[in-house]
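Contents: one structure, followed by commentary.
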Amino acid sequence: MKVNNMKTKFVLLAAIAAALTASPVFAATESAATKWANECGGCHVAYPAKFLPAATWTKIMSGLDKHFGSDASLDAQTSKAISGYLATNAGSGKHGESPASLRISDTRWFQREHSEEMDPSIFKSPLVKSVANCGACHLGVAKGDYSERNIRIPGQGNRRNDD
Amino acid sequence: MNRNRILMLLAFFAATSANAAPAEFLKDFETQARAESAAFKGFSAERGSQFFHAKHGAEWSCASCHTDNPASVGKHAKTDKEIKPMAPSVNPERFTDAAKVEKWFKRNCGDVLNRACTALEKGDFLTYVLSVRK
């Protein structure tokens, strides 16, 4: 087809753009942060990148087909984008520890934060079920808020706002 | 109709057709199921229900996370994370995105059956969840 009229050219472009936005091809331009939130937040809260160093995230991302007992595999393109996001936002300093189990919950800082004033059996209680279920106690996980202001241990009432 | 209008229409169809519907998945599974077995005689919601609720050698069934009723909100068996209902009658987003459907069949069939699901199993599963009303 020979396109020689400006208006037609514009409409053609619009047509292509509309087709692309609805197709998976266009998903490539979805931001890496959005991909991370969607793909890493499907089975559990999307654990903030700042809680593990880049080296640990790299190991996690290279073993997604056998991920803590589940298959969490991704296509190569999505995986690459998320790896980049995690590396950029990874933790350091206090949060730079790389546990052999690859679990945030096995770092020393995590254990320290969660041993004071807390009976460890709470993590196995039916109300929490798993230490990885951060959202059972941290009420702001959807916004990445893990601060002490926003915690309620299930079955124990409001722990923080009354002291 | 002038040329611009035709192009507009084309744009509209291109934009909508990229979103698949459950019926299109069923058609694809049927084609594959025929190729997998000459004895294929159609999908069954009843077989799909059995498949959904039964364990297949591993720790979990599909119902372990999607709950006994596919129209209800699910809960991840390990992490307790909420999962939106599986039945398209209550969650119209289900079975509209081919890449998503493929990805989760691969993962969940692996976790539940230690292998990929057959086209017959996928078709039975979809026929069952489509049959569930609120």
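In what follows, chains carry the letters A, B, and so on, assigned in the order in which the sequence lines appear, proteins first and then strands, with residues in each chain numbered from 1. On a predicted model such as this, the values are computed, not experimentally measured, just so you know.
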| remark: Here the gap from B:S72 atom OG to B:M86 atom CE, rounded to the nearest 0.5 Å, amounts to 12.0 Å
| said: Would you say the ring centers of B:Y128 and B:F43 fall short of 6.0 Å from each other? | reply: no
| task | Report the distance from atom CH2 of A:W57 to atom CG of A:L52, rounding to the nearest 0.5 Å. | result | 4.5 Å
| chain B contact via A:V45 - which portion, at a heavy-atom distance below 4.5 Å | backbone
| request: Just give me the residue among A:S73, A:S130, A:G41, A:A132 that pairs up with chain B most often, heavy atom to heavy atom, under 4.5 Å. | output: A:S73
| task | Would you indicate whether the side-chain heavy atoms of A:E97 and A:R108 approach each other to under 4.5 Å? | result | yes
| Part of B:A77 lying under 4.5 Å from any heavy atom of chain A | backbone
